[in-house]
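Reading through the structure tokens given below for one structure.
Just so we're clear, the structure is a prediction, and the values are computed from it rather than from any experiment. Side-chain atoms are counted along with the backbone in the values below, which use heavy atoms only and exclude waters and symmetry mates. In this chain, residues are counted from 1 in sequence order.
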Amino acid sequence: MISSQITVVIAEHQVADRAACLRLLEAESGIRVVGEAKSGLEAITSTGRLRPRILLLDLALARAQRMPLIPALRQKSPQTKVILLTDGASEARTLEALSHGARGYLDKALLTTFLARAVRVVDAGEAWVPRKMVAKIMDRLAGLTIWAGKTA
């Protein structure tokens, strides 16, 4: 039986940001935080063990690993959807992380306003990205060469 509760692991290296996410999500019905991590390795371990529906992943943790963290997380728990938490990260870094399989991202300055909504939207199978990023994602897709020379 699939639980109607959205289970979440928070992987954030900053104690204050991790606590803010926890506080905001604990106030929401239908969302339950099942684990926390403060490093990339802890994120992989927690995600593999707890198999949450959503992983909130600090982009700084994803960048700190020697290997791409998001593919490793998805290998441990393929059904877990990743939402990146950013703190003014460059668009290039964010696009790179999205290309590894993250389903969305949220600037930490907007946690209070959008965190629960982003979790619900991504859990429902949609993406959570600011509108200004949609065009950049589309441009990146258009630049892929896999379609070159192929006919329908």
Side-chain angles (χ1 to χ4, degrees), residues 1-22 24-26 28 30-108 110-111 114-130 133-134 136-148 150:
M1 180 175 135
I2 296 177
S3 170
S4 62
Q5 273 202 325
I6 302 169
T7 53
V8 177
V9 167
I10 303 167
E12 166 62 59
H13 76 285
Q14 294 186 31
V15 175
D17 289 340
R18 204 167 57 244
C21 290
L22 181 62
L24 290 166
L25 294 177
E26 283 181 335
E28 293 291 321
I31 299 175
R32 183 169 54 101
V33 176
V34 295
E36 297 178 48
K38 55 185 179 274
S39 71
L41 182 57
E42 285 182 18
I44 291 170
T45 302
S46 295
T47 300
R49 183 173 43 85
L50 299 169
R51 303 216 183 261
R53 286 168 48 179
I54 300 290
L55 172 68
L56 298 177
L57 177 64
D58 178 12
L59 182 59
L61 290 181
R63 302 272 305 162
Q65 298 299 121
R66 290 189 180 134
M67 61 175 177
L69 182 59
I70 295 169
L73 290 161
R74 293 180 68 212
Q75 183 177 13
K76 288 281 186 183
S77 184
Q79 80 284 1
T80 299
K81 297 172 181 134
V82 177
I83 300 173
L84 299 167
L85 301 177
T86 68
D87 198 5
S90 73
E91 289 177 353
R93 286 178 52 199
T94 304
L95 279 170
E96 177 187 351
L98 289 170
S99 74
H100 285 289
R103 295 295 295 268
Y105 85 95
L106 180 62
D107 191 298
K108 292 179 189 180
L110 302 173
L111 287 176
F114 294 113
L115 180 61
R117 193 159 144 208
V119 166
R120 292 183 200 288
V121 165
V122 170
D123 184 66
E126 297 180 41
W128 184 270
V129 293
M133 285 298 288
V134 173
K136 294 179 184 341
I137 293 167
M138 302 286 286
D139 289 344
R140 187 169 189 155
L141 288 172
L144 295 176
T145 58
I146 57 173
W147 299 106
K150 304 241 178 184

For R18, the side chain to side chain donor-acceptor pair (under 3.5 Å) test, sequence neighbours excluded, returns E36
Less than 4.5 Å apart, any side-chain heavy atom of I83 and any of L115? no
Side chain proximity check, R120 to I6, heavy atoms < 4.5 angstrom: yes
Contact summary for L50 and V34, nearest pair of heavy atoms: CD1-O, 3.4 Å
Looking at residues at least two apart in the chain, or sitting in another chain, which of them share a side chain to side chain contact (heavy atoms under 4.5 Å, CB included) with Q79? R51, S77
Atom CD of Q75: over 12 foreign heavy atoms under 6.0 Å: no
Are I31 and I54 side-chain neighbours, meaning at least one heavy-atom pair lies under 4.5 Å? no
Can you tell me if CZ on R103 sees more than 12 non-hydrogen neighbours from other groups inside 6.0 Å? yes
N/O donor-acceptor pair under 3.5 Å between Q5 side chain and T7 backbone: no
The salt bridge (charged side-chain N to carboxylate O under 4.0 Å, His left out) partners of E126 (sequence neighbours excluded) come to none
Minimum heavy-atom separation for S46 and V9, please, with both atom names. CB-CG1, 4.2 Å
Within the side chain of K108, is there an N or O that forms a donor-acceptor pair under 3.5 Å with the backbone of L85? no
